[in-house]
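Have a look at the structure below before the remarks.
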Amino acid sequence: MKKVLLTGASGFVGRHSIPFLLNKGYKVHAVFHKGKIDVIKNENLFWHQCDLLNPLEQEQLFTKVKPTYLLHFAWYAVPGKYWTSNKNLAWEEASINLIKRFYENDGQRMVAAGTCAEYAWDSGVLSEDRTPLKPKTIYGRCKSRVGSFLEKYSKEIGASSAWGRIFFLYGPYEDPRRLVPSVICSLLKNKPALCTHGEQVRDFLFVKDVASAFVGLLESDVAGSVNVASGQPVALKDIIYKIAEKLGRRDLVQLGALPTKDNEPKLLIADIRKLAEKARWQPKFDLNTGLELTIKWWKNKLYV
């Protein structure tokens, strides 16, 4: 049976990846740092508590597990802080050490999570082959350096790897401070949903589709960077109003109540041809269905 080490396993994307990995026949060695684990139990699912920023703990983890596959999601991701935090530097170093240790312990294929923030954001539609890498934040720069190291290192030793650049995602278990859950929670509590003007056009993908895309990449032989997104443009205000209409509280939406960030791009869309054609992957959830499932989850979470 294939053995995969899954980092960030209790996080937003990681937890949703577990069922897909189990269904593909992996023994899943799931890594978490701290906190309560409330995801599924399975005879082929094994939990490991480990501080990946600690080199000794990381080394002990690989000595114990010796995975043949590695799916790496763990990173610092506190909303409003991760863009500019120096903690990104620590995760860059830890991720590079993780790459080396994985292959040094006879690892076969690694897939890791990058970000659309690695690109120059003045291009509109972002392509792995044509859009220059010009990150404006420390988060984007650190991610970009890890992705570059993974590709070069794996090539040098004749190993297999891919780097999935995530765009915008939403779904159950998302941090409530982010756009979709913040609007849902405000409206469920009969409070105003304070938003920016909402004219920004983005590329959103339901989190279960994000998870299945990464597992699909792990199963494939696709190499290098791959955009993980829907390829479908949608204005933020349209998402906000879709949520409001489903909850019958359009009256509580306040567009323009919050300022937009300086130099925020109007359009950020992914070219997903590489993901669709080479990994043979397609999303299963459209925006309407994804929002309905997300709203249902938050209703249960908030006992509404």
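This is a predicted model, so every value here is computed, not measured.
A salt bridge (charged side-chain N to carboxylate O under 4.0 Å, His left out) check over residues 231-243, counting only residues at least two apart or in different chains, returns the pairs E199-K237.
Inspection of the R165 and S225 side chains reveals an N or O donor paired with an N or O acceptor under 3.5 Å. Between the side chains of W163 and E118, a donor-acceptor pair is found at a separation under 3.5 Å. A donor atom on one side chain and an acceptor atom on the other are found under 3.5 Å apart for Q200 and T196. Side-chain contact check for Y170 and R178: no donor-acceptor pair (N or O, by modelled atom type) lies under 3.5 Å. Checked by atom type, the side-chain pair Y119/N227 shows a donor-acceptor distance below 3.5 Å. A donor-acceptor pair shorter than 3.5 Å cannot be found between the side chains of W83 and N88. There is no side-chain donor-acceptor pair under 3.5 Å between N44 and K27.
Nearest approach of L52 to A94, heavy atoms of both residues: O-CB, 3.6 Å. The two residues F62 and R101 come nearest to each other via the heavy atoms CD1-CB, 3.9 Å.
A perpendicular orientation is assigned to the rings of Y26 and Y69, their planes being inclined by more than 60° (bins at 30° and 60°). Ring geometry, Y153 versus Y103: the interplanar angle falls from 30° to 60°, so the pair is classed tilted.
Remark: R250 qualifies as a cation-pi partner of Y241 under the 6.0 Å distance and 45° angle criteria applied to the six-membered ring. Both tests pass for K143 against the ring of W75: distance under 6.0 Å to the centre and angle within 45° of the axis.
For N190, the side-chain hydrogen bond (donor to acceptor under 3.5 Å, both in side chains) test picks out R249, with sequence neighbours left out. Applying the ring pair (Phe, Tyr, Trp, His ring centres under 6.0 Å) test to F285 and every residue at least two apart in sequence or in another chain returns F206.
Salt-bridge formation is not detected for the pair D221/K278: no Lys NZ or Arg NE/NH1/NH2 atom is positioned less than 4.0 Å from an Asp or Glu carboxylate oxygen.
Cluster membership check: V234 does not share its hydrophobic cluster with L267, using side-chain heavy-atom separations under 4.5 Å among Ile, Leu, Val, Met, Phe, Trp and Tyr.
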